[in-house]
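Remember, it's 1-based here, ligands and their atoms both numbered in the order they're listed. Residue numbers start at 1 and run along the sequence shown.
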Amino acid sequence: MKTVKVKDKEFELFLTQEVIEKAIGDIAEKMNKDLAEKDPLFICVLNGSFIYAAELMKRVSIPCEVSFVKMSSYQGISSSGKIKEIYGLEEDIKGRTVVVVEDIVDTGYTMSLMLEQLVCDEPKEILVSTMLLKPEALKVDVKLDYVAMEIPSDFIVGYGLDYDGYGRNLPDIYKIKNS
Ligand code: 5GP
Ligand code: MG
């Protein structure tokens, strides 16, 4: 089994680029059918989704716009402690079909916060696409329209996803080795 070291941790090969891109191709094909008449705006969530977004958008062949946002994450004075806010969205989404493009949905908190905020700008509809979903880790009910792959709850890196800032450039996905 191929392993890599990212900073102080060992990871083992979990999903090859080929497998991931086959799944992304299937999602794109579905979007091409579902969204052809909808003039969608794809909102890709940086940093983690950068490779997924690129591979997805290369395969989406319908008229569309592509935009990039970040979720700021800072300690705030609230009961939950963490506050997350979308920033960088320049397009007016009022009345539009919006497709959120995320790398991974784990507990679902980030996505549900994001949807709450997007709804305030009155889009016509919001569709959610994530490359990866950890179904066993979900803590909130979140609407997911396009899921490329479901995976177990292990921590993973590669294909855009990082461990402490590193490993995003790995072309395959690796999972943490349980020693
Ligand atoms: P959630 O709010 O759904 O719990 O988590 C979403 C965010 O946590 C993702 O956008 C991602 O940044 C991070 N995350 C969750 N699971 C993993 C993982 O296995 N590996 C990495 N690198 N990030 C993860
Ligand atoms: Mg993310």
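Of the listed residues (Val105, Asp103, Ile104), the one carrying the non-hydrogen atom nearest atom 13 (C) of ligand 1 is Ile104. By heavy-atom distance, the residue among Leu133, Val45, Ile173, Thr110 lying nearest atom 2 (O) of ligand 1 is Thr110.
At a threshold of 4.5 Å between non-hydrogen side-chain atoms, the residues Pro40 and Ile62 count as touching.
Remark: ligand 1 and Tyr163 share no N or O pair separated by less than 3.5 Å (distance only, no angle test). Inclusion of Leu161 in the set of residues having an N or O under 3.5 Å from an N or O of ligand 1 is not warranted. Looking at ligand 1, you'll find an N or O of Ile156 within less than 3.5 Å of one of its N or O atoms.
Put simply, part of Glu102 is less than 4.0 Å from ligand 1, judged by heavy atoms. In this structure, Lys134 counts as a contact residue of ligand 1, since one of its heavy atoms falls inside 4.0 Å of the ligand. For Gly48, the closest heavy-atom approach to ligand 1 does not fall below 4.0 Å. Ligand 1 has Phe155 within reach: a non-hydrogen atom of the residue lies less than 4.0 Å from it.
Per-atom contact check: atom 8 (O) of ligand 1 does not touch the protein, criterion being a heavy-atom distance below 4.0 Å.
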Salt bridge (charged side-chain N to carboxylate O under 4.0 Å, His left out) evaluation trace for Glu122 with Lys94: CA-CA 5 Å; Glu122 299 173 40; Lys94 189 168 180 165; 3.5 Å; yes

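Both Ile43 and Val147 are assigned to one and the same hydrophobic cluster, defined by single-linkage of ILVMFWY side chains at heavy-atom distances under 4.5 Å. Residues Leu170 and Ile173 fall into different hydrophobic clusters, defined by Ile, Leu, Val, Met, Phe, Trp and Tyr side chains chained together at heavy-atom separations under 4.5 Å. Cluster membership check: Ile176 does not share its hydrophobic cluster with Leu132, using side-chain heavy-atom separations under 4.5 Å among Ile, Leu, Val, Met, Phe, Trp and Tyr.
The number of heavy atoms from other shown groups lying within 6.0 Å of CZ (Phe155) is above 12. The 12-atom threshold is exceeded at CG of Asp8, counting heavy atoms of other residues, nucleotides or ligands nearer than 6.0 Å.
Distances below 4.0 Å separate heavy atoms of Thr107 from the following atoms of ligand 1: 1 (P), 2 (O), 3 (O), 4 (O).
Its N, O or S atom nearest to the Mg ion (ligand 2) is what matters here, and for Glu102 that atom is OE1. Asp103 has its closest N, O or S atom to the Mg ion (ligand 2) at the position named OD1.
Looking only at heavy atoms of the protein, atom 22 (N) of ligand 1 is closest to Asp162 O, 2.7 Å.
Across Leu115 and Lys143, no two heavy atoms sit closer than the pair CD1-O, 4.5 Å. Between Tyr52 and Ser129, the shortest heavy-atom distance links the atoms OH-OG, 2.6 Å.
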